[in-house]
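To start, the structure itself, in structure tokens.
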Amino acid sequence: MAPKDHLHLNLKTLFLLIGFIGFVPFVANAATVKRYQFDIQVKNVSRLCHAKPIVTVNGMFPGPTIYVREGDRVLINVTNYAQYNMSIHWHGLKQFRNGWADGPAYITQCPIQRGNSYTYDFNVTGQRGTLWWHAHILWLRATVYGAIVIMPMEGTPYPFPQPHMEVNLLLGEWWNTDVEQVVNQGEKLGLPPAMSDAHTINGKPGPLFPCSEKHTFAMEVEWGKTYLLRIINSALNDELFFAIAGHKMTVVEIDAVYCKPFTTQALLIAPGQTTNVLVRADRSPGRYFMATRPFMDVLIPVDNKTATAILQYKGIPNTVMPIMPQLPASNDTDFASSYNDKLRSLNTPQFPANVPQTVDRHLFYTIGLGRNACPTCLNGTKLAASLNNISFVMPKIGLLQAHFFKIKGVFKTDFPDRPPKSFNYTGAPLTTNLGTSLGTRLSRIAFNSTVELILQDTNLLTVESHPFHLHGYNFFVVGTGIGNFDPTKDRSKFNLVDPPERNTVGVPTGGWTAIRFRADNPGVWFMHCHLELHTSWGLKTAFVVEDGKGPNAGYTSFGSFSDGEGKESSSDVGGGDWGFSEMGLLSLETSMEAEMKWGLGGLRKKGFGGRRGVLGWGDLVLPPPYPETEKGIAADFPTAIVARPDQEATSCSVEKESPSHMGKTKVWNPVFTMREKIVERQLPY
């Protein structure tokens with residue numbers, strides 16, 4: 001019910017709150033709060049006899065490890081001092097009802113501009129193990145990445161022998177030249193950019209490369225003790241084999257999910273995936289190479305050089321020559337298939353595999369390469385990639401924001417459940433009629449429905465393996481095979497008991513992969529190939545998962561704010577149209593005046609409550625006294641929305657400017673020029 005009088009607000013009377021200014025955290029369950037500061041900095045780094053400036057977090061390459069415990073709340077303030085816009089994705093964290101903190105630029109947020117800060121705020125719920133974080137804009141994750149280590153709840157042991165020590169191993173790539181320049185050159189030509197010059201282990205290529213004796217990672221072990229290696233493939237474009245000379249590895253976890261242990265001489269790990277292994281130091285004391293190189297079973301050029309690190313027994317001098325492991329051949333499809341077949345969920349009462357046994361929505365997506373017209377490119381065409389023959393076009397405004405505010409014209413929810421035309425997907429190569437359609441097209445999924453998605457590789461130009469990552473969810477890999485998916489024969493062979501549970505899965509070359517998940521996390525969730533090359537060509541889409549139903553659907557307890565008079569108050573903000581908390585956001589609209597946006601929920605206690613800050617472009621918050629409604633204090637927070645006539649109203653990249661009367665308020669991205677104007681709007685109750 002609307003109040004009788006309109007609310008008259010003068011922007012001069014409003015106090016601009018950005019991020020966490022004046023924010024006092026409140027956690028209903030008294031969870032531990034872990035805080036990190038990420039400074040995005042450019043630093044000169046030398047590898048392979050070449051020095052160049054790279055983008056880093058806190059001057060570190062790779063970046064700092066995030067250490068948390070299951071149940072913790074995490075606040076990570078990111079301040080951008082680099083020349084590029086920035087966003088950070090917390091890869092594998094489910095972000096339950098908290099899509100604003102997921103991080104992919106133009107999907108769940110606009111990027112953080114130079115000189116600005118933004119605080120990611122999320123809870124670690126129901127997850128433990130190894131995940132990772134990385135830049136999610138341009139190709140900046142080439143150097144902006146690091147590990148996330150989630151320890152089990154206090155008093156909860158690992159479901160495997162307790163290791164003596166744990167070590168993170170991040171597998172990556174290195175370019176001697178500026179990566180963004182390499183990518184831009186490839187785009188201008190319409191061709192793939194130059195491949196990397198080396199692979200790395202913890203940012204170091206190892207002594208097999210020139211000028212790299214000092215750029216070699218080494219870990220010391222004691223004979224008879226067991227070590228847990230947390231292995232992360234943070235490479236941009238390569239699936240990788242990994243092995244340790246003379247030592248077997250016991251795989252105990254994948255993508256932060258415990259699995260049935262098995263022993264292997266080598267492992268395969270796709271970009272975006274993590275694998276935890278136990279290694280017992282029981283060999284003759286010496287120095288042993290740990291080595292990684294790409295898996296590629298088609299004739300596509302890759303950086304096939306081997307990166308190495310050293311496992312060194314205590315007391316052994318550095319003059320001893322390390323032993324090299326026997327890695328699988330670079331095109332060893334049989335090993336890759338055999339290794340993946342061994343992956344099974346632990347599926348115990350404590351760690352069950354809740355595999356959907358029935359399916360509400362069947363999806364079939366073909367993966368293809370293509371060529372589109374490009375008059376300025378080298379051959380008059382440019383390479384493209386598509387799902388169901390649709391190359392995804394990135395929006396200029398965050399999809400989550402567009403959905404939340406019902407901003408029209410940003411995306412369509414007409415992504416087809418099947419490809420436009422059936423054909424022999426994995427037959428002879430198809431090299432003509434390779435054009436793709438372009439669009440920002442999403443698929444709408446009903447809340448809590450069960451989804452089965454078949455990802456089918458095709459021989460458009462060439463077959464190739466593709467690692468696919470789904471944001472906001474884990475899924476079960478219920479089946480995989482070579483050739484065309486046969487719904488009758490192949491579905492009958494699905495593993496619905498203990499399939500591997502992951503957030504990133506490899507689709508085999510010339511084959512298919514079937515995944516199932518329950519769509520119980522409302523929001524807009526990105527899904528894309530984790531080969532950066534293919535993602536940039538359009539091999540991506542997103543799901544719009546609808547809100548749930550019920551009187552308390554999506555309600556989230558929020559924190560406490562100082563109300564300007566020394567008082568603090570907590571609030572419960574309604575989920576309303578969304579299945580998660582309402583956030584105050586600056587919406588990019590065509591209005592030339594400041595317009596007040598009110599959230600769809602309501603504050604339940606007197607005082608203006610708190611916000612989580614996970615997409616806080618800036619909240620214009622009323623000073624006391626607060627407007628009353630029958631529901632209590634006016635819902636959520638109003639936010640000013642102003643667009644300048646000389647700026648594109650739907651773009652994330654706009655001039656930021658603070659009104660003089662707001663002083664030196666620290667402003668996040670983007671804040672428009674605010675006009676001194678009375679704004680009148682009736683509260684929507």
Ring centre gap for [X] and [Y] strictly below 6.0 Å:
X    : Y    : value
F242 : F295 : no
H91  : H530 : yes
F526 : H471 : yes
F262 : Y339 : yes
Y473 : F543 : no
Y288 : H247 : yes
H469 : H89  : yes

Report task. Pick out which of D255, T130, T250 makes a side-chain hydrogen bond (donor to acceptor under 3.5 Å, both in side chains) with N276. Result ->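 Going through the options one by one, the only one that passes is T130.
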
Would [X] and [Y] pass as an ion pair if we require N to O under 4.0 Å?
X    : Y    : result
D498 : K260 : yes
K382 : E187 : no
E220 : K314 : no

N/O donor-acceptor pair under 3.5 Å between [X] side chain and [Y] backbone:
X    : Y    : value
R141 : L236 : yes
D178 : E180 : yes
T292 : L240 : no
S345 : A353 : no
N474 : E501 : no

Report task. Kindly confirm or rule out a cation-pi arrangement of R516 over F476, judged by NZ or CZ under 6.0 Å from the six-membered ring centre and within 45° of its axis? Result ->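 The answer is no; the distance or angle limit is not met.
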
Decide yes or no for [X] and [Y]: does some side-chain heavy atom of the first lie under 4.5 Å from some side-chain heavy atom of the second?
X    : Y    : value
Y313 : R287 : no
F241 : I269 : no
R344 : V497 : no
F351 : N347 : no
I107 : M394 : yes
E239 : H466 : no
P205 : R47  : yes

Query - Flag if over 12 foreign heavy atoms under 6.0 Å of NZ, K248 - result: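 No, not enclosed.
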
Requested in this report: Could you pull out the closest heavy-atom pair between I137 and S87, with the gap in Å?
Outcome: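 It is CG2-N, 3.8 Å.
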
Requested in this report: Write down the atom of D490, the atom of N484, and the distance for their closest heavy-atom approach.
Outcome: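 Nearest pair, atom of D490 first, then N484: OD2-O, 3.9 Å.
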
**Report entry** Pair Q312, N318: side-chain N/O donor-acceptor within cut-off below 3.5 Å
**Finding:**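 Judged by distance alone, the side chains do pair up.
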
